[in-house]
Amino acid sequence: MSKHHPNNPPSGDPAPDENRMPALFAETVEQAPVAISITDDKANILYVNRAFTQVTGYAPEESIGRNESMLSDKNTPKAVYEELWSCIKAQRIWHGRLLNRHRDGRRYLADLTIAPILNDRRETTHYIGMHRDITEMYRLEQRVNQQKVLIETVVDSIPVATVLLDETDRVVLDNQMYKALSSDLGLSEPARTFIDILREDMADDWERMKQKKSGFQNREVRFDRGGHYAPRWYACAGSWFSHEDDRIEAFFQENRQIYLLLTLTDITQQKKQAEEIRVNALKALMAEEEKIQRVRETLSGAIHHIQGPINLIKAAKTMLTRRGLEPRNIALVDILDQIRLAGEQSVDHMKRCIPERNASAMTPVNLNQLLHETIMLLTDRLLATGIVVDWKPTPVLPALMGQESHLRTMFKQIVENAIEAMNQSGIVTRELRISTWSDDHLLHVSIEDTGPGIPDELRIKVFEPFFSTKNGGRAGHSGTGLTMAQEVINQHLGLIRIDPSYREGCRVRIQFNIHNTLSASERTSNHG
Ligand code: FAD
């Protein structure tokens, strides 16, 4: 308040505006749109404003001189008044809700603030009370809360893990099944993991569906915790919708937020049954493929062996003809030519007899699933040889575009090598450790055993055709297993190597480029 306005001449008299101030204050309180009452220190009413009369029904002449308790309703617990009084007696402001009774007898809910008014000696001389009728607001509040509880009860009783996420993937609402899923998978917010994999899987479709506020159904996600945990499968469905933003930033401008309702149905049981049927079918198929592979190896081995003598014959002919053909050697050279020709014809014939590998289609392949199937296919052998399997997959792996059957055969070959390496007398610790993981660009697989390992000087040689560390060329050691593995990995633009740093046995490291860009036809032709 300015005592000396620049336009006013300085004088000892109060400015005209200042004279009007008490009246102005009184008028302001009188016209304030909130029920105001001023009481003595016992709550006896001294003054009420216009809004007080509107809210309570009591005119000033009906209320002045009476106690505020005229408004009290017996449904307000005594403890509330006690707490109110102990607060204001301690010269603190009290704020709370009381059930009041209107002059006409109807009840209303009052949102009340009481403040003590102190004199110069800091003694409470009066109280000022300000209240509003919030009955209608409370009813709305209650209705909203009841609806919220109803929605939560309904969502909770849905027998499928259900979760609502905002645009930042923050969980806004979830149900009991989702909470159970969270502890089953050992993840604090499994929805994020599922969203990451679905987003990766659906690529551009994800954004397109989100913009259109549409949705997806029956997207299957495999979740592998490894160790003693069996893999789990979920059928995921999601639908996007937009809803008004309830953040205060959106108070003055309408803003709509996009939400995703995600449901995750556990289909592990169905998948497990299907997997058992599949593995049994695979066993039969692979037994057949193995037979064909053996024919392939036998013929390739025979060609390899015949090629040696043919080369010797060619060399002998070159020696005999180097300094001009002597007449006595003409017949010999002729015979050598005939032998060579017969040999080459046999080689050609055998080459034509080698059964061709089927060029299977390129499909998205889950390496966790392939490795798990490989372990299942070889379970009998692993048990018979007393090998403990330590299976450590990364829970969710991006898919690899590949030829499933070739990749499965390749993994099976590597695991069979490991089993054989450990199945020797003197090897006490028999552990097969298989793990998978991925980074931004690569999918990694590590298969390690506790067998005798591969000497450093043979680490590269083992990939050569017909090379075997098993002496004597026993049955089953044609030396083409790793060659085939390398071939399959090359077709998938991957890399295979024996880890030189691992000394407790043999560790095979395989990696694939996640974003391998070759088209299916290109890779199929590469394969040929
Ligand atoms: P009471 O017997 O009056 O009081 C119940 C309990 O309150 C007592 O046991 C005691 O612990 C405490 N109490 C009451 N008076 C005093 C006191 N002078 N000193 C210490 N403790 C005391 N009440 C409403 O119901 N509605 C209102 O809108 C409302 N507005 C108020 C506004 C102001 C400014 C003030 C100061 C009080 C207001 N009150 C209001 C409280 C009111 O004075 C009564 O305490 C209350 O209504 C309970 O009345 P009662 O007759 O049921 O019980």
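The structure displayed is predicted, hence computed values, not measured ones. Counting starts at 1 for both ligands and their atoms, following the listed order.
- In this structure, CE on M130 lies 5.5 Å from OG1 on T113, to the nearest 0.5 angstrom.
- Here the CD atom belonging to Q146 is positioned 11.0 Å from the OG1 atom belonging to T153, to the nearest 0.5 angstrom.
- At a threshold of 4.5 Å between non-hydrogen side-chain atoms, the residues E189 and V171 count as touching.
- With Y127, Y81, W94, W85 as candidates, the residue nearest to atom 48 (C) of ligand 1 on a non-hydrogen basis is Y81.
- The nearest heavy-atom contact from the protein to atom 53 (O) of ligand 1 is K78 NZ, 4.1 Å.
- If you number the atoms of ligand 1 from 1 as listed, the ones under 4.0 Å from a heavy atom of N67 come out as 43 (O).
- Residues I45 and E68 meet the side-chain proximity criterion, which asks for heavy atoms closer than 4.5 Å.
- Among all protein heavy atoms, the one lying closest to atom 49 (O) of ligand 1 is S69 CB, 3.3 Å.
- Looking at atom 52 (O) of ligand 1, its nearest protein heavy atom turns out to be S72 OG, 3.6 Å.
- Atom CD1 of I387 sits about 5.5 Å away from atom CG of L382, to the nearest 0.5 Å.
- Scanning all protein heavy atoms for the shortest distance to atom 23 (N) of ligand 1 gives L98 CD1, 3.8 Å.
- The nearest non-hydrogen atom to atom 35 (C) of ligand 1, considering only I114, D41, V55, comes from I114.
- Two residues are said to be in side-chain contact when any heavy atoms from C-beta on lie closer than 4.5 Å; R219 and F216 meet this criterion.
- Interface atoms of ligand 1 facing N100, defined by a heavy-atom separation under 4.0 Å, are 24 (C), 25 (O), 26 (N), 27 (C), 28 (O).
- Contacts with ligand 1 closer than 4.0 Å are made by side-chain heavy atoms of K89 only, the backbone lying farther away.
- With 3.5 Å as the limit, one finds no donor-acceptor pair spanning the side chains of Y47 and H126.
- Taking the six-membered ring for Trp and the full ring otherwise, Y234 and F223 have centroids separated by 6.0 Å or more.
- Considering backbone and side-chain atoms alike, T39 places every N or O at 3.5 Å or more from each N or O of ligand 1.
- Taking every non-hydrogen atom of G129 and a distance limit under 4.0 Å, the qualifying atoms of ligand 1 come out as 34 (C).
- The aromatic rings of H444 and W437 lie parallel to each other, with less than 30° between the two planes, well short of the 60° mark.
- Shown here, atom 4 (O) of ligand 1 is out of close reach of the protein: none of its heavy atoms lies under 4.0 Å off.
- Contact annotation for L112 and ligand 1: only side-chain heavy atoms (C-beta onward) come within less than 4.0 Å of the ligand.
- By the definition of a contact as any protein heavy atom under 4.0 Å away, atom 7 (O) of ligand 1 is in contact.
- Protein heavy atom in closest approach to atom 40 (C) of ligand 1: E68 CB, 3.9 Å.
- For atom 11 (O) of ligand 1, the closest non-hydrogen atom of the protein is E82 CG, 3.4 Å.
- Note that atom 31 (C) of ligand 1 has protein non-hydrogen atoms nearby, at separations under 4.0 angstrom.
- Looking at I38 against ligand 1, nothing comes within 4.0 Å, counting heavy atoms.
- The closest side-chain heavy-atom distance from P398 to L443 is below 4.5 Å.
- Between K42 and D40 there is no salt bridge, since no side-chain nitrogen of the basic residue lies less than 4.0 Å from a carboxylate oxygen of the acidic one.
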